[in-house]
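Both ligands and their constituent atoms are indexed starting at 1 by order of listing.
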Amino acid sequence: MSDATGPDTRRSATRVKVCGVTREADREAVVAAGADAVGVISGVPVDTPREVDAGTAGDLLAGVPPLVTGVLVTMPDTVEQAVDLATAAEPDAVQVHGGLSPGELGALGRRLHGDLVVAVDADADDLRAYAGPADALLVDSVDADGGGGTGQTHDWERTREVVADLDVPVILAGGLTPDNVAAAVETVRPFGVDVATGVERVEDGERVGGEKDSETVRSFVAAATRREVVA
Ligand SMILES: O=C(O)c1ccccc1N[C@@H]1O[C@H](COP(=O)(O)O)[C@@H](O)[C@H]1O
């Protein structure tokens with residue numbers, strides 16, 4: 001346990017995913033910032049500036065270098081739909097939001113070449129049922145359709161209990177920013193954190209959805225992993 005003066009050097013480093021990448025330059029900035037994973041969103045029935053078509057998803061994911069995980073984020077109606085998209089985009093991992101059942105997610109996981117990250121609503125009562133088929137559980141502040149990208153935080157104390165209760169790696173998502181991610185990590189102690197809107201460009205006070213700000217990405221990774229920000 002860390003004392004009041006220094007970091008807990010025994011704590012394993014928090015893994016960082018930056019999601020909703022739509023441009024090659026942003027993918028390069030995320031990798032350069034030291035993120036462990038890059039998320040690309042495709043095949044979602046919600047209105048979001050961060051979605052790209054299957055071909056663009058494949059191109060963006062193909063450019064993710066070794067030692068960095070390329071994650072396809074999608075909301076399939078069926079297992080087959082997810083398998084088809086993953087076959088086209090060839091991600092290292094697939095993150096699934098939406099309404100598939102634990103049984104369907106198990107079937108999907110057996111058909112994927114890579115890992116399956118299951119996104120669940122932080123407020124749901126049956127989180128644990130989804131841990132079984134998941135290689136990692138992403139606990140997010142989702143909208144009514146189960147989609148993420150809300151930019152909203154949730155009750156981190158509750159998610160900390162989920163982390164303590166489950167063996168599967170838990171990834172914390174929802175409303176994270178460079179300013180709150182250190183507190184989120186301290187509270188929840190997740191395996192990893194995931195961010196989409198909190199690192200997007202702001203122009204004239206307005207967030208430019210789908211476009212990352214490279215300095216904000218660097219600050220987020222540093223804050224999440226307690227590295228010094230190098231200009
Ligand atoms: O980002 C989106 O628009 C999105 C749409 C549909 C499914 C998932 C989506 N994003 C995921 O939500 C988390 C949290 O987003 P935020 O940081 O609160 O904006 C994001 O990391 C993606 O995995």
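The side-chain hydrogen bond (donor to acceptor under 3.5 Å, both in side chains) pairs that include a residue from residues 117-127 number zero, where partners must be two or more places apart or lie in different chains.
Here the shortest heavy-atom pairing between Leu166 and Arg128 reads CD2-CG, 3.6 Å.
Remark: Lys17 does not engage Asp36 in a salt bridge, criterion side-chain N to carboxylate O under 4.0 Å. The existence of a salt bridge linking Asp213 and Arg201 is excluded, since no basic side-chain nitrogen approaches an acidic carboxylate oxygen closer than 4.0 Å.
Applying the under-4.5 Å side-chain rule to Ile, Leu, Val, Met, Phe, Trp and Tyr, the cluster around Ile171 extends to Val117, Leu138.
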Scan the side chains in residues 62-79 for donor-acceptor partners under 3.5 Å anywhere in the protein, sequence neighbours excluded, and list what turns up.
unit_1: Thr74; atom_1: OG1; unit_2: Ser42; atom_2: O; d: 2.8
unit_1: Thr74; atom_1: OG1; unit_2: Gly43; atom_2: O; d: 3.1
unit_1: Thr78; atom_1: OG1; unit_2: Gln81; atom_2: N; d: 3.0

Sub-3.5 Å pairs, protein N or O with ligand 1 N or O:
unit_1: ligand 1; atom_1: 1 (O); unit_2: Arg50; atom_2: NE; d: 2.8
unit_1: ligand 1; atom_1: 3 (O); unit_2: Thr48; atom_2: OG1; d: 2.6
unit_1: ligand 1; atom_1: 3 (O); unit_2: Arg50; atom_2: NE; d: 3.2
unit_1: ligand 1; atom_1: 3 (O); unit_2: Arg50; atom_2: NH2; d: 3.1
unit_1: ligand 1; atom_1: 10 (N); unit_2: Gly149; atom_2: N; d: 3.4
unit_1: ligand 1; atom_1: 12 (O); unit_2: Asp140; atom_2: OD2; d: 3.1
unit_1: ligand 1; atom_1: 12 (O); unit_2: Gly149; atom_2: N; d: 2.9
unit_1: ligand 1; atom_1: 15 (O); unit_2: Gly149; atom_2: N; d: 3.2
unit_1: ligand 1; atom_1: 17 (O); unit_2: Ala196; atom_2: N; d: 2.9
unit_1: ligand 1; atom_1: 18 (O); unit_2: Gly151; atom_2: N; d: 2.9
unit_1: ligand 1; atom_1: 18 (O); unit_2: Gly175; atom_2: N; d: 2.9
unit_1: ligand 1; atom_1: 19 (O); unit_2: Thr197; atom_2: N; d: 3.0
unit_1: ligand 1; atom_1: 19 (O); unit_2: Thr197; atom_2: OG1; d: 2.8
unit_1: ligand 1; atom_1: 21 (O); unit_2: Asp194; atom_2: OD1; d: 3.0
unit_1: ligand 1; atom_1: 21 (O); unit_2: Asp194; atom_2: OD2; d: 2.9
unit_1: ligand 1; atom_1: 23 (O); unit_2: Lys17; atom_2: NZ; d: 3.4
unit_1: ligand 1; atom_1: 23 (O); unit_2: Gln95; atom_2: NE2; d: 2.8
unit_1: ligand 1; atom_1: 23 (O); unit_2: Asp194; atom_2: OD2; d: 2.8

